[in-house]
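Before any comments, here is the structure.
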Number of protein chains: 2
Amino acid sequence: MGDRPLRADARRNREKVVRAAREAFAASGYGVPLDEIAALAGVGPGTVYRHFPSKEALFEAVVAARIRDLADDARRRADGADPGEAFFGFLGRLAGEAAAKRDMPDAIEVAGALRQDIFEALDLLLRHAQRAGAVRGDITAPDLIVLLKGLILSVQDTPQGPAGEAQRERLLAVLADGLRSPGATG
Amino acid sequence: MGDRPLRADARRNREKVVRAAREAFAASGYGVPLDEIAALAGVGPGTVYRHFPSKEALFEAVVAARIRDLADDARRRADGADPGEAFFGFLGRLAGEAAAKRDMPDAIEVAGALRQDIFEALDLLLRHAQRAGAVRGDITAPDLIVLLKGLILSVQDTPQGPAGEAQRERLLAVLADGLRSPGATG
DNA sequence: AACTATACGGAACGATCGCCCCGGTTAGCA
DNA sequence: TGCTAACCGGGGCGATCGTTCCGTATAGTT
């Protein structure tokens with residue numbers, strides 16, 4: 001495609017929009033009005049639409065990097081020496097991230113290539129941990145995804161705002177113990 | 001207050017509205033347009049507002065009974081002989097109900113006296129099970145509520161619609177095992 | 001049957017939000 | 001410095017949705 005290089009001000013504005021979107025989505029989830037993002041970026045709504053065809057496209061652009069990071073991390077851990085620790089370590093990271101970023105639940109729903117990517121990475125991580133006997137054998141990757149989504153939502157939708165660190169620790173412990181193979185040591 | 005008895009047609013319509021709301025909320029969650037509920041009931045939107053001051057009030061009216069039932073069930077089980085079975089049996093019922101009713105997540109958020117009611121019932125159920133050594137001692141009633149909400153959301157927000165019975169069984173097993181005291185028999 | 005309080009339906013209002021259009025501005029270049 | 005293509009801002013459109021208003025219909029009574 002003929003992507004001519006952007007004019008300097010256009011490039012600057014695009015960057016400002018992405019940065020504002022990252023902040024706004026993380027703070028309030030996908031639901032933030034686009035006008036608010038534009039205002040935070042210090043541009044008009046029209047400018048946002050010059051750079052992204054829709055609000056959803058902007059969200060995907062912002063979230064794609066995070067998802068890719070997550071998947072990469074999962075793959076990296078999966079290659080490590082201790083599959084069990086790799087698995088539960090990843091769970092911990094996910095819980096921590098979810099507590100800080102309010103857009104994680106929506107991020108999981110983002111369709112496209114990312115979906116396949118994260119699925120395969122989780123599948124790998126899970127299988128390794130199961131083969132090593134660290135995780136119960138009866139659950140599947142879709143099960144895991146659903147459980148993680150539940151964990152993410154739990155961690156941030158507490159009646160008094162996001163869960164404190166101590167509570168998050170306990171919730172994570174419950175899920176982790178439930179996923180462990182019966183008889184395996186923690 | 002001077003609640004004069006309703007006119008016959010008014011009473012009929014109120015009933016139709018409540019029935020339609022029950023169906024619509026269960027099928028699509030709190031998000032269903034009120035006009036849709038009215039259409040399903042075969043009345044105009046104005047009629048709905050004659051009987052309920054707001055959409056939220058209608059939702060509360062519909063959901064209150066279900067919450068009360070749940071709390072009653074929890075209390076009844078808590079008095080039984082086997083606190084462990086009482087606890088885990090309740091979990092199973094909740095999972096089953098959540099799979100069928102799409103408005104469960106919103107229902108949990110309903111404020112007012114019901115909130116206190118269900119909280120106390122769950123607290124009772126949990127404490128008994130903990131005292132009997134069936135459930136790990138480190139979690140609290142707020143933890144449990146958050147976990148249940150996660151379970152409810154997990155059970156119904158699977159990418160391919162509500163979870164199948166087999167998957168629901170597995171998810172429930174993971175949560176239940178995570179909640180069990182270390183070393184307690186299933 | 002006539003009368004009136006009560007209730008009904010649905011058009012319309014106001015707010016919200018995603019998205020587009022266009023008159024004005026500016027960057028980049030000669 | 002002047003020209004033009006690229007870009008910007010923000011007002012505005014159209015859709016959705018909760019809610020209200022009011023002219024009409026009807027239940028209940030005398």
Quiz item: Considering heavy-atom distances to DNA chain D, does B:V32 or A:V43 have its closest nucleotide positioned more toward the 5' end?
Solution: A:V43
Quiz item: Atom CD of B:E15 and atom CZ of B:R12: how far apart are they, to the nearest 0.5 Å?
Solution: 11.5 Å
Quiz item: Is it true that B:R127 and B:D123 have a side-chain N and a carboxylate O under 4.0 angstrom from each other?
Solution: yes
Quiz item: Under a 4.0 Å N-O cut-off, is there an ion pair linking A:R76 with A:D73?
Solution: yes
Quiz item: So what does A:G42 touch, heavy atoms closer than 4.0 Å: a base, only the sugar-phosphate, or nothing?
Solution: sugar-phosphate
Quiz item: What's the shortest heavy-atom distance between A:G92 and A:L172, and which atoms?
Solution: CA-CD2, 3.6 Å
Exercise. Might you point out which heavy atoms bring A:I108 and A:R115 nearest each other, and give the distance in Å?
Key: O-NH1, 3.2 Å
List the atom pairs, donor and acceptor, that lie under 3.5 Å between side-chain atoms in residues 56-67 of chain B and the rest of the protein, sequence neighbours left out.
residue, atom, partner, partner atom, Å
B:R66, NH2, B:D103, OD1, 2.7
B:R66, NH2, B:D103, OD2, 2.8

Quiz prompt | Reading 5' to 3' through nucleotides 19-30 of chain C, protein heavy-atom contacts under 4.0 Å coded B for base, S for sugar-phosphate only, - for none | solution = BBB----BSS--
Quiz prompt | Rounded distance (Å) that lies between atom P of C:dA7 and atom CD of B:E15 | solution = 16 Å
Quiz item: Expressed in angstrom and rounded to an integer, what is the separation of A:Y30 atom OH from C:dC17 atom C1'?
Solution: 11 Å
Quiz item: Mind checking which nucleotides bracket the chain A contacts on DNA chain D, 5' to 3', with an atom under 4.0 Å from a heavy atom?
Solution: D:dA5 to D:dG10
Quiz prompt | Contact under 4.0 Å: B:H51 side-chain N or O vs C:dA7 OP1/OP2 | solution = no
Exercise. Output yes when at least one side-chain N/O atom of B:N13 is less than 4.0 Å from OP1 or OP2 of C:dA7, else no.
Key: no
Quiz prompt | ring-ring contact (aromatic ring centres under 6.0 Å, His included) contacts touching residues 73-124 of chain A (sequence neighbours left out) | solution = none
Quiz prompt | Residues which pass side-chain contact (heavy atoms from CB on, under 4.5 Å) with B:L124, listed by chain and number, not counting sequence neighbours | solution = B:R75, B:A78, B:H128
Counting N and O atoms only, with roles assigned by atom type, does the side chain of [X] sit under 3.5 Å from a partner on the main chain of [Y], one being a donor and the other an acceptor?
X	Y	value
B:K55	B:Y30	yes
B:R136	B:G178	yes
A:S154	B:L147	no

Quiz item: In residues 59-66 of chain A, what residues come within less than 4.0 Å of DNA chain C, judged by heavy atoms?
Solution: none
